[in-house]
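Small disclaimer: the values here were computed from a predicted structure and weren't measured. Remember, it's 1-based here, ligands and their atoms both numbered in the order they're listed. In what follows, every heavy atom counts, from backbone to side chain, and hydrogens, waters and symmetry copies are set aside.
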Amino acid sequence: MGKFLLFTPGPVNVADNLKDAVSKLDICHREIEFNELLTGIEQKLLSLLQIKKRHRYRAVVITGSGTAANESMLSSVVGKGSVLILSNGEFGERLYKTSLIHNDQTHLMEVPWGDVFDPRVIEAYLGRNRINVIAMVHHETCSGMLNPLAEIGALAKAHGAIFVVDGVSSVGAEPIDMESCNIAFCSSSSSKAIGAYPGLSFVIGQEKEFKKLKAHKANTTYLNLATFYEFLETRSQTPNTPAMPLFHALDQALTNILSEGVTKRFTAILARAGQLRRGMRKLDLEFLIDERDMCSILTTVRVPPSINVGDIRRRLREKSIIIYEGKGCFQGKVFQVGNIGEMSALDIRFFLRTLKDVLLTLQVEPEDLMVPVMPLRPVLLLAPDNHDVLASVAS
Ligand SMILES: *Cc1c(COP(=O)(O)O)cnc(C)c1O
């Protein structure tokens with residue numbers, strides 16, 4: 001079997017040198033070799049986040065996927081205080097559900113999936129309620145929407161709250177200025193824009209906020225952020241046995257980004273998104289949200305009328321291309337095309353060509369099959385606001 005081309009928001013196709021990195025020397029996590037490995041990863045994460053006052057920030061690495069890092073934050077930073085979760089999608093909802101388990105005073109402010117937040121409504125809420133922590137997803141992966149860090153960070157600061165960010169699908173692709181956006185903690189994972197294997201996640205945070213965590217009682221052993229910080233601070237280690245091969249691979253993935261240059265990497269990812277989006281627009285596909293609100297790592301595409309999204313996914317899969325179907329309220333309505341990990345311009349051209357063929361094939365109604373030369377494009381040209389036209393033609 002040949003390789004799959006993962007046009008997904010993660011996991012991704014990893015660089016060849018990561019495949020060598022996972023089989024590096026066996027080391028013990030209580031020996032100097034691991035301390036050096038972890039310290040190296042921490043420094044590289046601070047470089048990736050382009051943090052200027054580096055001595056004020058620390059990064060802990062957790063063996064567990066992105067959800068583990070999010071749960072570590074929500075279980076460890078709120079204490080007896082209150083937390084406001086801002087949600088406009090699947091991952092915001094997941095933050096809320098996680099917070100409910102750990103924090104008695106969990107507030108939720110939600111807008112429909114794929115909608116933008118209104119900062120004035122949030123500000124008014126903060127004026128009426130005593131909130132200690134605000135948590136928000138940066139890139140809401142279910143819709144592709146990039147949420148406004150600077151605005152919410154400023155609101156948090158003005159109302160004396162700390163700001164906690166789920167950066168699982170944006171770290172490594174989008175600039176996140178933790179310093180100017182007043183972000184106390186930001187989570188991410190190894191397997192999305194950073195381009196390593198799944199299985200590790202991390203939390204980057206202000207050292208002064210890490211130090212405060214000891215005062216809170218966390219309802220978890222494994223994900224207690226205070227314990228991760230204590231082990232990092234006192235021994236440059238992790239509290240429990242880390243997934244060592246994945247640490248080697250993460251270290252290599254970060255080295256790859258830094259040697260390419262962080263800004264260059266961001267630009268390259270954005271350029272791929274541009275190539276994909278131009279190509280898909282040419283196929284008369286429409287996107288779920290405004291391109292100006294999109295993150296650079298993926299595009300959420302509306303399923304054309306009369307086509308079943310499962311069919312698109314299966315047909316592409318036959319050509320070794322993997323995409324994502326929409327979930328929750330987007331199920332059946334959208335599919336998602338990622339552009340992170342190892343992916344060349346040639347791969348993208350192959351994807352676009354294959355997608356075109358798949359859509360044309362799926363446009364063919366059973367009776368049309370008798371006339372293979374029928375022009376197949378017109379149905380595709382109907383935009384969603386022309387549904388009525390389509391309906392009247394059909395009836
Ligand atoms: C993927 C994702 C997660 C969950 O990460 P896992 O690695 O699947 O646990 C959380 N938040 C966002 C925004 C994501 O995109």
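- Remark: ligand 1 and Gly66 share an N or O pair separated by less than 3.5 Å (distance only, no angle test).
- Taking the six-membered ring for Trp and the full ring otherwise, Phe210 and Phe185 have centroids separated by under 6.0 Å.
- In the displayed structure, Asp357 atom CG is contacted under 6.0 Å by more than 12 heavy atoms of other residues, nucleotides or ligands.
- Close approach to Val137 involves these atoms of ligand 1, each under 4.0 Å from a residue heavy atom: 13 (C).
- Interface atoms of ligand 1 facing Lys192, defined by a heavy-atom separation under 4.0 Å, are 1 (C), 2 (C), 3 (C), 14 (C), 15 (O).
- Counting non-hydrogen atoms of neighbouring residues, nucleotides and ligands closer than 6.0 angstrom, the CZ atom of Arg30 exceeds 12 such neighbours.
- Within a 6.0 Å radius of CZ in Arg56, other residues, nucleotides and ligands contribute 12 heavy atoms or fewer.
- Heavy atoms from other residues, nucleotides or ligands lying under 6.0 Å from CG of Asp290 number more than 12.
- For Lys192 and Phe91, the positive end sits near the middle of the six-membered ring, less than 6.0 Å away and at most 45° from its axis.
- Closest to atom 13 (C) of ligand 1 by heavy atom, among Thr141, Val171, Asn70, is Thr141.
- When only interatomic distances are considered, the shortest N/O to N/O separation between Thr67 and ligand 1 falls below 3.5 Å.
- A single hydrophobic cluster is not seen to contain both Leu276 and Ile297; linkage of ILVMFWY side chains at heavy-atom distances under 4.5 Å, directly or through other members, places them apart.
- Here the protein heavy atom with the shortest distance to atom 3 (C) of ligand 1 is Phe91 CE2, 3.4 Å.
- Distances below 4.0 Å separate heavy atoms of Arg94 from the following atoms of ligand 1: 4 (C).
- Counting the atoms of ligand 1 from 1 in the order shown, those under 4.0 Å from a heavy atom of Ser169 are 13 (C), 15 (O).
- For ligand 1, the polar-atom distance check finds no N/O of His139 at less than 3.5 Å from any of the ligand's N/O atoms.
- Shortest contact from atom 11 (N) of ligand 1 to any protein heavy atom: Asp166 OD2, 2.7 Å.
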Residues Phe247, Phe34; criterion ring-ring contact (aromatic ring centres under 6.0 Å, His included); working and verdict: CA-CA 9 Å; Phe247 276 68; Phe34 181 68; 5.4 Å; yes
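- Remark: ligand 1 atoms within the under-4.0 Å shell around heavy atoms of Ser65 are 6 (P), 7 (O), 9 (O).
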